[in-house]
Structures are given as C-alpha cells and as structure tokens.
Amino acid sequence: MENRVRHRRRATIVACGAVRACAVAALFVAPATLTVAQSIERAALPSELSKLTDEEVARIARMSPLPAVPGDPSNRFVDDETAARLGHRLFFDRRISPAAVTCADCHIPDKWFTDGKPLGDAIGTSTRNTPTVIDSSRRRWVGWDGKFDSLWSQALAPIEHPDEMGGSRERLLRTVRDDATLRGMYERVFGPWPAELAAKDTDPIADGWKGAVDAGSNAADAITARQKTIDSTTANVLKALGAYQRRLVSGEAPIDRAVSALKAAKAVDPADLDASALRGLALFVSRAGCFQCHRGPSFTDEEFHNLGFAGANGKVPDDPARLAAVDFLKASPWNAAGGFSDAADAPKGQMVRSLRRSGELFGQFRTPPLRGVARTPPYMHDGRLASLAEVVRFYDTLEGASPVGHHGENVLVPLGLTDGERADLERFLSSLTGKEPNPEWTRDPVPPERRTADPDGR
Ligand code: HEC
Ligand code: HEC
C-alpha cells in the first residue's frame, strides 16, 4: 500500500510536464483520485494478464472506479438545479444564433454529443474536430488545446464564433430577457434582471447599438458601465450552461465491471472484456505504451503532447495549439483568475496565473479521455483518422507522423504489432464506453412542436 501511494504521487508530478503549474495542478486533482486504489491480487489474474509486472497490474487497478465529478469553485452556481435547467434549454435554443445553430447541432445527443464529422461544421467549417461534452466537467483544461479553464467560460466561444453560431452576448441576453420562462429561471438563480438592460424605446442590448446615452451623463462612462453589465450578465448565463453540461456524465462501463471483478478476485465476465479485449488491455498498460498518457479512470493525464502529425496536405504543421492557447487563456478576462470567476484565488485561478509559455508547447494537444471513444469517430484534433482501427494502425506504424524531430514526442516509437494484437487493442478501446447520461438531460426539454409552432415563445 505504502508503495502504491508513492507511485501515484510520482505519476502526478511527471504528468505536469512542461507547464510549471505542477504543485498547483497536484492540488487540483479531485480528492477521490488521491485515495489509494484497491489492489488486484496476482493469483486471481486471468491468463491474458498473468505475465504483467506488479506496476502494470497496478495501472489496471487505477482505471476504475471513476471518481465523483470534481467541483468548480469558479462557478458557484454549478450545482444549482434551476441554473442547470436554464442551461439545458439554452443548449437546444435556436434563437441565440442568427443562423439558428444550436450547441446540440454539433454536440448531437445521439452521437455521444459529437457530430461524426472530421471538423466542426455549421455556418463555416472549424479547424478542429468536435469533442464530446459528456464527462467534460472532469477536464482540467477545456478544448483540444486547453484554451479554457472552465466549462462555463468555454461556452462564449461557439456562441460568438462567426463559423459556429455567429451570435453575440447581446443576442444571448435578449433571448433570455424576452422569454418569460427563461427570464423567470434566470431571476430565480441570479436575482433581478439588470435595469440597465431592460427593453426600452431604444433597446440597450439591440444589435448595432450606437451608444444612445441619457442626457446629462458622460457618454464614455455610460458605454463602459453598459458593457460591464452586459459581460457580468453574460457570465451568469454562461454559468448556467456550465451547470447543465456538468449533468452530462456517463455511467458504468464494461472496464469498470472488469476491474471490480479483478479486485474481488473473481473471473472477468466475457460479456464485459473477452479474451481479445483482455489481451488488448495487457498491451495498453505495457508494451504499447498507451498508459503513459492515457492513464487513470478517464484515460488521460490531462496534459498536452505533440504526436508529430504533419499539417494539412502533408505540409509542416502550423497549428500552434497549446502555445497559442496559453497566451489566449492568460489574457482572457473570463479565466478562473479573472473578474467573473467566483473563486479567483482557488487552485484553478493559481493554475492559470502560473502558466508559462515556452516553445515546446507548439503543436501540443490535450490527451483526449478515452471513455466513450468508440462512439465518437472520427478521431484526433482534426478528425484525420476515421476509425479506431486507423488510430491503432497509426500508433503501430507512426505513418503520417513526421520523424521524431524537435517538436515530436520522444515516447512514441513504431510498435510493430501483429494483426491480432492490433485487433486486440481496438477491442479493448471498445470496452471503455459507459452508460449514456440520464435521458432527462440529453433530450431537448422543449417539445419540438412548441419550438416550431411558436419560434418566439417557449
Ligand atoms: C459548429 C459546431 C459547434 C457548435 C455549434 C458548438 N460546438 Fe462545442 N465544440 C466544437 C468544436 C469544433 C470544439 C473543439 C474546439 C477546440 O478545441 O478548438 C468544441 C468544443 C467544445 C467543448 C470542449 C470539450 C472538451 O473536451 O474540452 C465544450 C464543453 C463545448 N464545445 C460546448 C459547447 C456549447 C455549450 C455550445 C453552445 C453554446 C457549443 N459547444 C457549440 C463544435 C461546436
Ligand atoms: C505521448 C502521449 C500519448 C501516448 C503514448 C498515446 N497517446 Fe493516444 N493520444 C494522445 C494525444 C495528445 C492525442 C490527441 C492528438 C491530436 O489530436 O493531435 C491522442 C489521441 C488518441 C485517440 C483519439 C481520441 C479522440 O477522441 O480523437 C485514441 C483512440 C488514442 N489516442 C489511443 C491511444 C492508444 C491505443 C495508445 C497506445 C497504442 C495511445 N493512444 C498512446 C497522447 C498519447
């Protein structure tokens, strides 16, 4: 036991890698993940796992159970039921986008909240693949490049992005203000709607508002004050979207039942992991090296790596990824250390303050979690690999990766797997999908006939 505790600590520190936020990052690890994993007795191992070392077996023990969702002190409404219901309605609301695009058009509930396309696609085409939002409240950094440090602050980006929803915070606020149901929910959680943003002859949150100012007041001050109110009210609405997405958590997966059987020294049910999946599991924690980045119950170290993919059309990669994200996040007024955060001095705020830019971050992407991965093709930040078979083939051959150069990740080497071993790894990856989130939260809460019959009402 003593040994295992030390192993865990070391793993956490190594995972911090290039970012000098290690001490703070360790604080942020959800308390449940710090509890000692119940161990697996060697004697009970099935033959497929019997050649593994003690450390490799311990890696399997750490895959389950999935701990409780960590808190988010930067959003004090994160556990508020009404806030979550408001966010739920907005997630499916066409009125917040002038092109009638909703979050659910790209994060499609039936597709594990992804869209099945290589790149996000609505008004225009995005440069990145659409990740799932299921279990996204577990992420330390949000987005492929970790450009955000909370779920709530992320939500502004698609709303205002010209290629995604093409909206604005003013339009978002009008949607809430002018709908009795949404406004009622808002006021129950956040208090009275700000008088400065009430509808008047000249609507202070109309598109193209040019700064009509009450006689006698200082125009510049009035514009600044109005913008401040717009931003703080927007932050509230975003926190409702964050509270909603936190409800989207997956349930027990075959890997959880298998690990708990192993810990209880019982046989693994082949309906959960058959012999092929067990052989894949053994490869995953040993020779194939996947565990180095995809580890723990979410199968991610929550850190950033560069797998060395060439850019589009085989060109030199030009997406700065984590490097640009660190600059963006540190400067963002919406980060966990900023004025809209409900706990600027909490560990998350300290984490963003202690981020440092450095050249090696160029081209690094967040290790994606692998729970639910079988439901979310295509794969990688730009959706370049169509299937899990292609992903395994990539790691096996490293075809499509530039030779390990100054930006490449040294841990990746061609694996030289047999056809059978590739199939085993793929089979194992399919055992990581848990139960879908509670259907109460995955469906549009407003019946479709009411959405179409009365586009302005609810
Ligand atoms: C046009 C398609 C599209 C729409 C509409 C859209 N998203 Fe996304 N979403 C994406 C893409 C693409 C990414 C990845 C962006 C990146 O990392 O650079 C993403 C990333 C995310 C993430 C990060 C998940 C993670 O694992 O880090 C969350 C959370 C999210 N979106 C929530 C939302 C919400 C909330 C809305 C509505 C307000 C929304 N999205 C609207 C395509 C979309
Ligand atoms: C050096 C760290 C590292 C190692 C080792 C590693 N991965 Fe990954 N993995 C990543 C990163 C980073 C990405 C995203 C890369 C990108 O999009 O550019 C990724 C992407 C993936 C994806 C796609 C997920 C998605 O949602 O698109 C799968 C599946 C995957 N890895 C499985 C594996 C398997 C199986 C192994 C072992 C053979 C492995 N990985 C080894 C870091 C790693």
Side-chain angles (χ1 to χ4, degrees), residues 87 90-93 96-97 99 101-107 113-115 117 119-139 141-148 150-152 154-161 163-167 172 238 241-242 244-245 248 280 283-284 287-295 299-301 303-309 317 319 321 325 363-370 372-374 376-385 387-388 390-392 394-396 401 409-413 415 417 422 425-426 428-429 432:
L90 291 170
F91 196 86
F92 290 85
D93 200 314
I96 61 182
S97 155
V101 178
T102 71
C103 308
D105 286 348
C106 295
H107 300 285
F113 285 81
T114 63
D115 55 10
K117 299 171 185 171
L119 300 174
D121 188 21
I123 299 173
T125 305
S126 151
T127 56
R128 304 265 171 84
N129 172 259
T130 305
T132 184
V133 296
I134 296 178
D135 295 322
S136 55
S137 51
R138 298 181 179 282
R139 302 287 73 81
W141 308 106
V142 178
W144 279 103
D145 53 10
K147 204 169 154 182
F148 309 96
S150 69
L151 267 188
W152 65 268
Q154 186 279 340
L156 187 60
I159 292 172
E160 294 194 329
H161 199 289
D163 288 334
E164 299 192 10
M165 299 166 78
L172 173 70
L238 298 177
L241 274 162
Y244 165 58
Q245 294 181 89
L248 300 175
L283 280 167
F284 193 94
R287 187 157 58 85
C290 317
F291 69 91
Q292 295 172 90
C293 306
H294 300 279
R295 60 164 162 258
F299 298 87
T300 171
D301 54 4
E303 285 299 336
F304 300 85
H305 305 275
N306 181 346
L307 301 191
F309 287 119
D319 188 336
Q364 289 188 353
F365 291 93
R366 188 187 67 188
T367 306
L370 298 181
V373 75
T376 65
Y379 300 106
M380 302 299 172
H381 69 273
D382 53 3
R384 66 174 61 210
L385 302 177
S387 62
L388 286 177
E390 281 192 22
V391 172
V392 171
F394 163 76
Y395 283 111
D396 187 26
E409 187 80 37
N410 296 319
V411 294
L412 289 188
V413 287
L415 300 171
L417 302 175
R422 285 192 201 178
L425 256 185
E426 195 189 330
F428 169 65
L429 292 173
L432 307 181

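Every number for a ligand or one of its atoms is a count from 1 in the order of the listing.
- Between Trp144 and ligand 2 there is a heavy-atom distance shorter than 4.0 Å.
- Protein heavy atom nearest atom 13 (C) of ligand 1, with residue, atom name and distance: Pro131 CD, 3.2 Å.
- Between Phe365 and ligand 2, no pair of N/O atoms sits closer than 3.5 Å.
- Among protein heavy atoms, atom 25 (C) of ligand 1 sits closest to Arg366 NH2, 3.4 Å.
- Of the protein's heavy atoms, Gln154 NE2, 3.2 Å lies nearest to atom 21 (C) of ligand 1.
- Under a 4.0 Å criterion applied to the non-hydrogen atoms of Gly289, ligand 2 contributes the atoms 5 (C).
- Using a 4.0 Å cutoff on heavy atoms, Asp105 does not count as a contact of ligand 1.
- The proximity of Lys147 to ligand 1, defined as any non-hydrogen pair under 4.0 Å, does not occur for either the backbone or the side chain.
- The shell of residues lying under 4.0 angstrom from ligand 2, judged by heavy atoms, includes Leu307.
- Atoms of ligand 2 lying under 4.0 Å from any heavy atom of Val391, numbered from 1 in the order shown and given with element: 28 (C), 29 (C), 30 (C).
- Classification of Lys147 and Asp145 as a salt-bridged pair fails, no side-chain N sitting under 4.0 Å from a carboxylate O.
- For ligand 2, the polar-atom distance check finds no N/O of Thr376 at less than 3.5 Å from any of the ligand's N/O atoms.
- Counting only distance, with no hydrogens or angles, the side chain of His161 and the backbone of Asp163 share a donor-acceptor pair below 3.5 Å.
- Put simply, the side chain of Phe284 reaches to within 4.5 Å of the side chain of Leu425, judged on heavy atoms.
- Side-chain atoms of Asn129 come within 3.5 Å of backbone N or O of Lys117 as a donor-acceptor pair.
- At least one N or O atom of Tyr395, backbone or side chain, sits closer than 3.5 Å to an N or O atom of ligand 2.
- The His381 neighbourhood of ligand 2 comprises atoms 16 (C), 17 (O), 18 (O), with distances under 4.0 Å to a heavy atom of that residue.
- Counting heavy atoms under 4.0 Å from ligand 1, residue Val101 touches it through the side chain alone.
- Under the side chain to side chain donor-acceptor pair (under 3.5 Å) test applied with Asp115, the options Thr130, Thr132, Thr376 reduce to a single match, Thr130.
- Minimum interatomic distance between Ser97 and Met165 (heavy atoms only, all atoms of both residues): OG-O, 2.7 Å.
- Put simply, the residue from Val392, Leu388, Leu283, Leu415 that forms a side-chain contact (heavy atoms from CB on, under 4.5 Å) with Arg422 is Val392.
- For Thr102, the heavy-atom gap to ligand 1 drops under 4.0 angstrom.
- Using a 4.0 Å cutoff on heavy atoms, Asn129 counts as a contact of ligand 1.
- Looking only at protein heavy atoms, the nearest one to atom 39 (C) of ligand 1 is Pro158 CG, 3.5 Å.
- By the 30° and 60° cut-offs, the orientation of the rings of His381 relative to Phe365 is parallel.
- For atom 36 (C) of ligand 1, the nearest protein heavy atom (residue, atom name, distance) is Cys103 SG, 2.8 Å.
- Protein heavy atom closest to atom 27 (O) of ligand 1, with residue, atom name and distance, is Gly143 N, 2.6 Å.
- Using a 4.0 Å cut-off to heavy atoms of Cys293, the atoms of ligand 2 that qualify are 1 (C), 2 (C), 3 (C), 4 (C), 5 (C), 42 (C), 43 (C).
- In terms of modelled atom types and a separation under 3.5 Å, the side chain of Tyr379 and the main chain of Val373 share a donor-acceptor contact.
- Thr367 places no side-chain N or O within donor-acceptor distance of the main-chain N or O of Thr300, the cut-off being under 3.5 Å.
- Proximity of Gln364 to ligand 2, defined as any heavy-atom pair under 4.0 Å, is not found for any part of the residue.
- Ligand 2 has no nitrogen or oxygen under 3.5 angstrom from a nitrogen or oxygen of Gln292.
- The protein heavy atom nearest to atom 35 (C) of ligand 1 is Gln245 NE2, 3.5 Å.
- Note on His107: counted as a metal contact of atom 8 (Fe) of ligand 1, an N/O/S atom lying under 2.8 Å.
- Proximity to Leu412 (heavy-atom distance under 4.0 Å) selects the following atoms of ligand 2: 5 (C).
- Inter-residue side-chain proximity for Pro368 and Trp144 is flagged as met; some heavy-atom pair is nearer than 4.5 Å.
- With Arg138 contributing its side chain and Ile134 its backbone, the two residues share no donor-acceptor pair below 3.5 Å.
- Using a 4.0 Å heavy-atom cutoff, Thr132 is listed among the residues neighbouring ligand 1.
- For a threshold of 3.5 Å applied to N or O pairs, the pair formed by Arg128 and ligand 1 contains at least one separation below that value.
- When only non-hydrogen protein atoms are considered, atom 4 (C) of ligand 1 lies nearest to Cys106 SG, 3.3 Å.
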